[in-house]
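In the text below, chain A, chain B and the rest are named by the order of the sequence lines, each starting its count at 1.
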4 protein chains.
Amino acid sequence: MLGVVPLTESFVQDLKITPREGGYARGQEGLEQILYAALNILVEQGSKALTLRRIASECGMKAGNLAYYFPSKEELLRELLNAIISSYEEPFDRIVHDPSESAEKRLENLVVLILDDITTKKTTRVFPELWAMTNHDPFVQERVNELYQRARVAILELIEEINPALPPDEREIVALFISASMEGMTIFAGHEKPWCEQMPAIERVAVKSFLHVIHTLKPGEIRASTDA
Amino acid sequence: MLGVVPLTESFVQDLKITPREGGYARGQEGLEQILYAALNILVEQGSKALTLRRIASECGMKAGNLAYYFPSKEELLRELLNAIISSYEEPFDRIVHDPSESAEKRLENLVVLILDDITTKKTTRVFPELWAMTNHDPFVQERVNELYQRARVAILELIEEINPALPPDEREIVALFISASMEGMTIFAGHEKPWCEQMPAIERVAVKSFLHVIHTLKPGEIRASTDA
Amino acid sequence: MLGVVPLTESFVQDLKITPREGGYARGQEGLEQILYAALNILVEQGSKALTLRRIASECGMKAGNLAYYFPSKEELLRELLNAIISSYEEPFDRIVHDPSESAEKRLENLVVLILDDITTKKTTRVFPELWAMTNHDPFVQERVNELYQRARVAILELIEEINPALPPDEREIVALFISASMEGMTIFAGHEKPWCEQMPAIERVAVKSFLHVIHTLKPGEIRASTDA
Amino acid sequence: MLGVVPLTESFVQDLKITPREGGYARGQEGLEQILYAALNILVEQGSKALTLRRIASECGMKAGNLAYYFPSKEELLRELLNAIISSYEEPFDRIVHDPSESAEKRLENLVVLILDDITTKKTTRVFPELWAMTNHDPFVQERVNELYQRARVAILELIEEINPALPPDEREIVALFISASMEGMTIFAGHEKPWCEQMPAIERVAVKSFLHVIHTLKPGEIRASTDA
DNA sequence: AATGAATGAGCGTTCATTCAT
DNA sequence: TATGAATGAACGCTCATTCAT
């Protein structure tokens with residue numbers, strides 16, 4: 001009952017829960033409640049505290065009843081992961097394909113979107129947990145890779161528009177560099193992190209730096225040199 | 001079976017274990033064995049698998065005997081964290097203060113050191129766990145902050161040498177941006193990650209990009225503008 | 001094997017278990033089973049043997065299931081203590097306020113009730129445990145004090161009826177003396193103690209002695225004298 | 001090293017440790033240290049806290065070393081019990097056989113001795129533990145019975161002197177009643193118990209009551225009557 | 001759709017004990 | 001005498017899971 005308040009004011013929604021198969025499922029309501037409760041515990045108390053008992057009690061149920069919705073804890077976590085990842089699908093596309101802005105402005109908008117999202121409690125708390133899981137759970141790894149793949153494709157398109165001379169393989173590296181630079185900010189300037197107040201300045205450095213690399217990188221410049 | 005095989009070929013050593021009280025080693029052997037076993041499990045199986053029983057069995061002990069070395073699991077984990085963090089102290093200093101190299105070359109060396117370390121299994125696996133813990137464990141938070149603080153100070157000194165005109169507050173933001181950009185690579189180009197083969201090219205982009213920002217950033221440029 | 005056989009033939013019942021919340025019994029059955037099992041172990045094997053595993057196995061459960069009924073061992077022990085103490089409430093009142101008997105006869109009845117109860121296995125075994133706990137557990141101390149307080153008030157009322165001339169403070173001392181004299185019998189004439197066969201004779205000495213003190217004590221006689 | 005301060009100001013000494021066989025044993029010193037430490041823990045923290053580790057640490061040893069002095073914990077506790085019981089041997093005899101006092105005065109002295117001892121921390125804390133052990137440990141039962149037997153014999157002698165007309169079996173009951181009355185005070189007027197300040201008044205009631213019973217009991221009066 | 005009741009495994013921890021040194 | 005190091009058993013407790021109702 002508690003803890004189902006929205007976790008963030010970002011315009012990335014907390015969870016995007018896709019209704020289950022079989023028409024208008026009846027348990028949809030309880031199902032969402034459970035996923036929000038799980039997310040809330042993960043955010044507020046960390047993965048060690050994410051037990052079925054706690055999830056159940058957070059939404060006023062008894063633990064046994066979770067079995068009605070999810071066959072196992074693992075399944076619950078997978079649906080939670082899906083819902084988290086899905087929530088990022090739409091905003092990326094919207095910004096990247098905004099026809100009213102220049103490519104550079106659209107890149108700037110994307111950077112700001114991502115870095116602002118990073119300062120939300122949900123993102124700051126959840127993503128490090130996901131990165132950690134990634135190393136030992138192939139399912140998590142795949143879904144997280146998917147998410148970043150989508151982000152990178154968005155960045156890639158913008159790079160191509162801004163500097164069409166850059167060959168695809170180098171474009172990829174630059175997109176990766178940009179994406180990684182932003183993700184790395186989570187642990188320094190995320191929610192309640194020491195640098196979170198400086199995020200606006202950080203965003204300006206990031207945008208400036210990213211645009212410069214895109215503009216000035218000469219084809220072949222970052223290919224393996226002959227050691228000289 | 002013992003799991004005390006070296007985890008990395010990086011010249012950042014796995015653990016820097018400072019002997020306990022006095023000079024004469026007291027159970028130092030078993031103590032190191034335990035910490036290496038704990039690190040190994042953390043790396044290979046993740047924090048959820050890091051139980052006292054598993055640590056003990058990994059070094060051929062029974063669980064009860066761990067209590068002889070560490071009063072509690074928490075204490076064991078703290079000493080492990082200290083040992084991990086301490087292992088970075090010396091390499092940073094060595095590279096940053098190398099008198100035979102220019103400031104730019106030293107920055108490049110530092111970037112390569114850090115990004116190469118990121119590709120080691122130990123770093124790729126352990127740091128995301130630490131980042132996750134950071135959000136709910138003040139002790140981990142403090143120690144991890146300390147580590148990054150040290151890294152940032154090193155970068156800061158090099159920035160000052162390279163572009164003395166940059167005011168301190170902007171220098172700080174740039175150093176943070178550089179550090180975060182590198183850490184973010186962990187999840188993309190770390191050990192067994194999809195981009196790990198591209199790390200050399202990534203390093204070149206990173207060095208180029210970092211040096212450019214340092215060189216070209218004009219004082220005041222990233223301060224909050226009046227929106228115009 | 002179940003150990004839920006009645007422990008005593010006294011008309012002080014073994015436990016007075018007050019139903020939990022609301023009217024409709026909720027697991028009341030298992031709850032009582034557990035408390036009786038715990039009492040039984042305490043009586044038969046002593047407090048050192050009173051472990052959750054043993055309690056559980058005594059009532060055919062597994063240890064983990066106890067957590068369903070009691071949040072902690074401490075809570076279980078507290079409810080057990082409450083049930084033990086509560087079992088004395090009603091018999092005391094009944095005897096002391098019996099309108100068909102003289103005050104002296106009622107005192108005699110009370111003495112016999114208490115001393116007979118002392119010869120039951122339950123009382124002989126449990127109370128010394130409680131006395132020992134009393135010294136290091138404030139909760140036990142409080143509840144045991146409450147019980148004796150109630151007994152003392154009962155005695156006090158009878159003393160007042162028998163010898164109204166005795167001032168309250170001396171009455172209190174006499175009531176205490178009477179109560180303590182009886183409790184002390186536990187270790188000598190309790191269940192299977194060397195003198196348990198002599199309890200009837202002991203009761204006669206006790207009644208005689210108590211009545212005499214009440215009758216003959218002159219006001220001021222036991223106040224601190226000037227050593228003369 | 002700590003905790004070997006005397007526990008009481010009673011003139012019953014805390015422990016009477018009889019040197020071990022084999023001439024002037026060398027470990028006598030450490031042995032006494034250990035027993036005092038054990039007593040101290042039993043008194044201050046109760047039997048649940050009486051572990052070998054704590055005993056050892058209280059006298060600056062490691063747990064393993066206790067095995068040098070005592071083959072097992074049980075043996076240690078038995079020697080402790082012996083030392084406690086032995087400490088009461090001498091004072092009883094001294095008072096009861098004091099040739100300079102009347103029998104009545106000697107009884108009074110004995111009552112005061114015992115009741116004063118009861119108010120010491122050591123006695124208040126240790127004896128309830130012994131009573132509890134008595135119910136499940138035949139060795140403790142035997143030794144404690146011995147102690148009370150000795151006390152009762154002392155009382156018995158005085159009763160005989162005071163009222164030689166009383167037949168032996170009734171004399172025994174009266175002696176038992178007197179002894180039990182006093183022991184019962186432990187839980188009410190012992191160290192830090194609610195009535196401990198009233199002990200002097202209690203002693204006066206006790207002496208008066210005991211003497212009266214001895215004086216006025218008529219032979220046969222407490223034998224089983226024909227129910228009339 | 002939900003609860004009550006139970007299980008079995010595993011957790012961190014404490015304990016008495018052993019034994020080589 | 002004493003310590004260092006280890007063991008095996010047990011402790012209170014938590015967990016995901018199961019299943020009849």
inquiry  = When you compare the side chain of D:Phe70 with that of D:Leu77, does any pair of heavy atoms fall below 4.5 Å?
reply    = no

query = Which heavy-atom pair separates A:Lys73 from A:Leu50 by the least distance, and what is that distance?
reply = NZ-O, 2.9 Å

inquiry  = I want to confirm an ordering. Mapping B:Leu66 and C:Glu74 to their closest nucleotides on DNA chain F, which one lands closer to the 5' end?
reply    = B:Leu66

ask   = Now, which nucleotide makes the Watson-Crick or G-U wobble pair with E:dT13, with each of the two distances under 3.5 Å?
value = F:dA10

ask   = How close or far is atom P of F:dT17 from atom CD1 of A:Ile55, stated in whole angstroms?
value = 11 Å

inquiry  = Check whether D:Lys122 reaches the backbone of D:Asp14 with its side chain - one donor and one acceptor, N or O, closer than 3.5 Å.
reply    = yes

request  = Find the distance B:Leu52:CG to E:dG12:P and express it as a whole number of Å.
outcome  = 4 Å

ask   = If you pin C:Ala63 and B:Leu50 to their nearest nucleotides in DNA chain E, which one's is more 5'?
value = C:Ala63

task = Provide, to the nearest angstrom, the distance between the CG atom belonging to A:Asn65 and the P atom belonging to E:dA1.
result = 9 Å

ask   = Rounded to whole angstrom units, what separation is found between the NZ atom of B:Lys48 and the P atom of F:dC15?
value = 12 Å

request  = Just name whichever nucleotide pairs with E:dT21, Watson-Crick or G-U, keeping both distances under 3.5 Å, else none.
outcome  = F:dA2

key: For atom NZ of A:Lys62 and atom C1' of E:dG4, their distance in whole Å   = 8 Å

note = Between C:Gly30 and B:Lys73, the residue closer to the 5' end of DNA chain E by nearest nucleotide is C:Gly30

A:Ser47 and A:Glu129 side chains, donor-acceptor separation under 3.5 Å = yes

remark   = On DNA chain F, more 5' by nearest nucleotide between A:Ala67 and A:Arg54 is A:Arg54

ask   = CD of D:Glu75 versus P of E:dT17: gap in Å, rounded?
value = 11 Å

ask   = Quick one: D:Leu76 CG to E:dA16 P, roughly how many Å, whole number?
value = 10 Å

query = Less than 4.0 Å between a side-chain N and a carboxylate O, is that true for C:Arg54 and C:Glu58?
reply = no

message = Closest approach to the side chain of D:Thr51, judged atom by atom: which nucleotide of E:dC15, F:dC11, F:dC15 is it?
response = E:dC15

ask   = Could a donor-acceptor pair under 3.5 angstrom be found where the side chain of B:Arg53 meets the base of E:dG12?
value = yes

message = How many whole angstroms separate atom OH of C:Tyr68 from atom C1' of F:dC15?
response = 16 Å

Any B:Tyr69 side-chain nitrogen or oxygen under 4.0 Å from OP1 or OP2 of F:dA6 = yes

inquiry  = Under a 3.5 Å cut-off for both contacts, is F:dC15 paired Watson-Crick or G-U wobble with anything, and if yes, with which nucleotide?
reply    = E:dG8

